[in-house]
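Note that the structure is predicted; figures quoted are calculated from it, not measured.
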Amino acid sequence: MYWSSSITRRLFLFLTGGLFAKLGVSNTTAIEADRQAFSAAEILAHMAETYAKCTTYQDSGCVSTVFVRADSEHTDKKPFSTAFIRPALFRFDFKSTHDGSNWHRYIVWADGADVRTWWSIQPEVEQRPSLSLALAGATGVSGGSAHTAPALLMPDSIGGRRLTDLTDLKRLEDAQSGEFDCFRIQGKSVINIQPAELERRRRQVMTLTGKDLGTSETGPETLWIDKSTFLLRR
């Protein structure tokens, strides 16, 4: 079985007192020329700075995972939304379904140190010790969307691998994502697994399935970054 996953986002609200609020009409052409000359690393750095400094942020999108078998193909979709007001008001909400009709909903919200979660599968509100741990619990089941933007918005408090950790960066040809002009950056994820842990997992899989785990390689990820705002579109 083969699977691939992608995330698309619509960004509804972005407020900042920084670079983009101060752009004037007279220097737009020069700025556009500068942006065209940016390297992949510079674009990624601008994206990181934009998220880390924005005061208000809201998005919605969908994680689409395609499962391909020899005789069939299935697409699993997980809609999500994120809302954030600095310094500490936050809400993440996503839905998932296994049969296309029965939806399960997962919500993480925070007001400062007061962090709570709710999952329709276990319909009780639960208090969490930190937003980082609350989002970690939602990351896998949400297809990663619970972590992607929050880790950029709050890099000092949300742990785990970030898009800014990509290596072997390469700038691809610019392209359109819907109505938006985007930079496209390609890079590889670094997965730090100690050899002893990798061997343990290999033996575990062999015991459970009778098959050798073999070797695997993480394929490149492609980021679509809005040219005008440096926000992630895809």
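Contact between Thr148 and Leu163 at its shortest, heavy atoms only, is CG2-CD1, 3.7 Å. Heavy-atom minimum distance, Ala110 versus Leu131: CB-CD1, 4.2 Å. Residue Lys95 comes nearest to Trp103 through the heavy atom pair CB-CE3, 3.5 Å, listed as atom of the first residue, atom of the second, then distance. Closest approach of Ser145 and Val63 over heavy atoms only: CB-CG2, 3.8 Å. Scanning all heavy atoms of the two residues, the minimum distance from Leu135 to Phe90 falls at CD2-CE2, 3.9 Å. What you find for Thr75 and Ser64 is that their closest heavy atoms are CG2-CB, 4.3 Å.
Under the 3.5 Å distance criterion, the side-chain polar atoms of Arg233 are left unmatched by any main-chain donor or acceptor of Leu223. With Lys78 contributing its side chain and Val141 its backbone, the two residues share a donor-acceptor pair below 3.5 Å. Remark: side-chain polar atoms of Arg105 are not paired, donor with acceptor, to backbone N or O of Trp119 under 3.5 angstrom. No side-chain donor-acceptor contact under 3.5 Å links Thr82 to the backbone of Gln58. Checking side-chain atoms of Glu42 against main-chain N and O of Ser39 turns up a donor-acceptor pair under 3.5 Å. Side chain of His147 to main chain of Ile158: no donor-acceptor pair is present (N/O by atom type, distance under 3.5 Å, no hydrogens or angles). Within the 3.5 Å criterion, the main-chain N or O of Ser177 finds no donor-acceptor partner in the side chain of Arg234. In this structure a side-chain-to-backbone donor-acceptor pair under 3.5 Å is present from Ser130 to Leu133. Arg86 places a side-chain N or O within 3.5 Å of a backbone atom of Ala52 that can act as its donor or acceptor partner.
Side-chain contact between Ile185 and Arg171: present, with at least one pair of heavy atoms (C-beta onward) separated by less than 4.5 Å. At a threshold of 4.5 Å between non-hydrogen side-chain atoms, the residues Phe80 and Tyr106 do not count as touching. Within the 4.5 Å cutoff, no side-chain heavy atoms of Lys188 are placed close to those of Leu166. The side-chain heavy atoms of Lys227 and Asp174, taken from C-beta on, include a pair separated by under 4.5 Å. Side-chain contact between Leu152 and Met47 is present, with heavy atoms from C-beta onward closer than 4.5 Å. Residues Phe180 and Trp224 have side chains not in contact (no heavy-atom distance under 4.5 Å, counting atoms from C-beta outward). In this structure, the side chains of Pro155 and Arg162 come closer than 4.5 Å at one or more pairs of heavy atoms. Counting heavy atoms from C-beta outward, Tyr51 and Tyr57 have side chains that approach closer than 4.5 Å.
In terms of hydrophobic clustering, with Ile, Leu, Val, Met, Phe, Trp and Tyr side chains grouped at heavy-atom distances under 4.5 Å, Leu169 and Phe230 are assigned to a common cluster. In the hydrophobic clustering of this structure, Val115 does not group with Ile107; members are Ile, Leu, Val, Met, Phe, Trp, Tyr whose side-chain heavy atoms approach within less than 4.5 Å, directly or through other members. Hydrophobic cluster membership differs between Val125 and Ile121, with clusters built from Ile, Leu, Val, Met, Phe, Trp and Tyr side chains linked at under 4.5 angstrom.
Residue Gln127 qualifies as enclosed at atom CD: its count of foreign heavy atoms under 6.0 Å is above 12.
With sequence neighbours excluded, the residues forming a salt bridge (Lys or Arg N to Asp or Glu O under 4.0 Å) with Arg116 are Asp114, listed by chain and number. With sequence neighbours left out, the side-chain hydrogen bond (donor to acceptor under 3.5 Å, both in side chains) criterion links Thr164 to no other residue.
Judged purely by distance below 3.5 Å, without hydrogens or angles, the side chains of Ser189 and Glu221 pair a donor atom with an acceptor atom. Side-chain contact, Arg128 with Thr117: a donor N or O sits under 3.5 Å from an acceptor N or O.
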Item checked: Working for side-chain contact (heavy atoms from CB on, under 4.5 Å), residues Ser81 and Asp93 -> CA-CA 5 Å; Ser81 64; Asp93 187 343; 3.7 Å; yes
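Taking the six-membered ring for Trp and the full ring otherwise, Phe84 and Phe92 have centroids separated by 6.0 Å or more.
Going from atom CG of Leu231 over to atom CD1 of Ile225 covers 9.5 Å, rounded to the nearest 0.5 Å. For the atom pair CD1 (Ile85) and CG (Leu153), the distance works out to 12.0 Å, reported to the nearest 0.5 Å.
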